[in-house]
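Step one of this worksheet: look at the structure below.
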Amino acid sequence: MLVSLALWVTRRSHGTGTGTGQAFGYARGQGTMMFGFAFVCLVETVTMSVLLKDLPVVHAVVFVLDVYTIVFVIGLHASNVVRPHVLEPGALRIRRGVHVDLRIPLERIASVRRELRATHTRKDGELDLAMGAQTSVTLELTEPTAHLTFLGRPRRIQLVRFHADDPDALVLAIRQARSARPLASPVPDRPA
């Protein structure tokens with residue numbers, strides 16, 4: 001997450017260099033909440049500093065933990081900002097911060113649709129990557145795809161729901177990429 005903070009400060013992103021594809025953000029829906037949480041942590045840091053001023057060792061330990069918490073919260077938001085979804089040639093890369101980076105080949109996408117959902121029940125074969133408690137794009141896959149969970153346990157998924165700041169543009173771009181076929185090269189004339 002510290003790398004994400006550095007990328008965010010320098011206004012760069014991860015995995016979206018020239019020629020890698022089209023980036024689609026997803027962090028806008030959660031930004032206000034994350035900054036609100038960081039503000040609450042800042043208030044707690046100031047409050048604990050005042051309350052523990054007579055206990056210097058405890059004050060120092062709590063202060064370090066509070067500052068770490070603020071950096072962690074801002075870094076978590078930064079990781080969502082600098083690691084957008086990427087539509088690459090031949091694949092869609094769905095990401096959520098530093099925790100999820102799922103590459104799905106376009107030929108494995110059976111259907112894609114804009115679908116706003118605010119409730120998600122955990123089911124086998126489904127992956128929900130909600131931002132701000134909602135998803136806006138649903139992908140149905142032609143066959144189960146391997147996904148590693150946060151602790152490295154493999155899961156087979158066939159349906160992916162995730163959030164995008166501009167779901168209409170992402171759905172349209174995926175449909176256009178799936179329908180685009182490389183043009184067949186013309187057959188050369190036979191030599192005379």
**OP:** With sequence neighbours excluded, tell me which residues meet side chain to side chain donor-acceptor pair (under 3.5 Å) with E88.
**Re:** R103
Subject >> Set of side chain to side chain donor-acceptor pair (under 3.5 Å) partners for D165, sequence neighbours left out >> reply: none
I'd like to know if the side chain of [X] and the backbone of [Y] have a donor-acceptor N/O pair within less than 3.5 Å.
| X | Y | value |
| --- | --- | --- |
| H147 | E126 | no |
| D101 | R95 | no |
| R178 | I109 | yes |

**OP:** Please work out whether the ring planes of W8 and F35 are parallel, tilted or perpendicular, with thresholds of 30° and 60°.
**Re:**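 The rings of W8 and F35 lie parallel, inter-plane angle below 30°.
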**OP:** Taking side chain to side chain contact (heavy atoms under 4.5 Å, CB included) as the test, write out the residues that go with R113, two or more places apart.
**Re:**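 Only S111, E115, T138, E140, R175 meet the side chain to side chain contact (heavy atoms under 4.5 Å, CB included) criterion with R113.
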Original post:
Does a side-chain N-to-carboxylate-O contact under 4.0 Å join D128 and R122?
Top reply: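 The answer is no: the pair does not qualify as a salt bridge.
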Original post:
What pair of heavy atoms forms the shortest contact from A130 to T135, and how long is it?
Top reply: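 Smallest interatomic distance, heavy atoms only, reads CA-CG2, 3.7 Å.
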**OP:** Could I get the full list of salt bridge (Lys or Arg N to Asp or Glu O under 4.0 Å) partners for R156, not counting sequence neighbours?
**Re:**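 Checked R156 against salt bridge (Lys or Arg N to Asp or Glu O under 4.0 Å); zero matches.
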Original post:
Can you pull the side chain to side chain donor-acceptor pair (under 3.5 Å) pairs that have at least one residue in residues 48-73, sequence neighbours excluded?
Top reply: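 Matches after skipping sequence neighbours: S49-H59.
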**OP:** Keeping to residues at least two apart or across chains, list the side chain to side chain donor-acceptor pair (under 3.5 Å) pairs with something in residues 26-42.
**Re:**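 Qualifying pairs: none.
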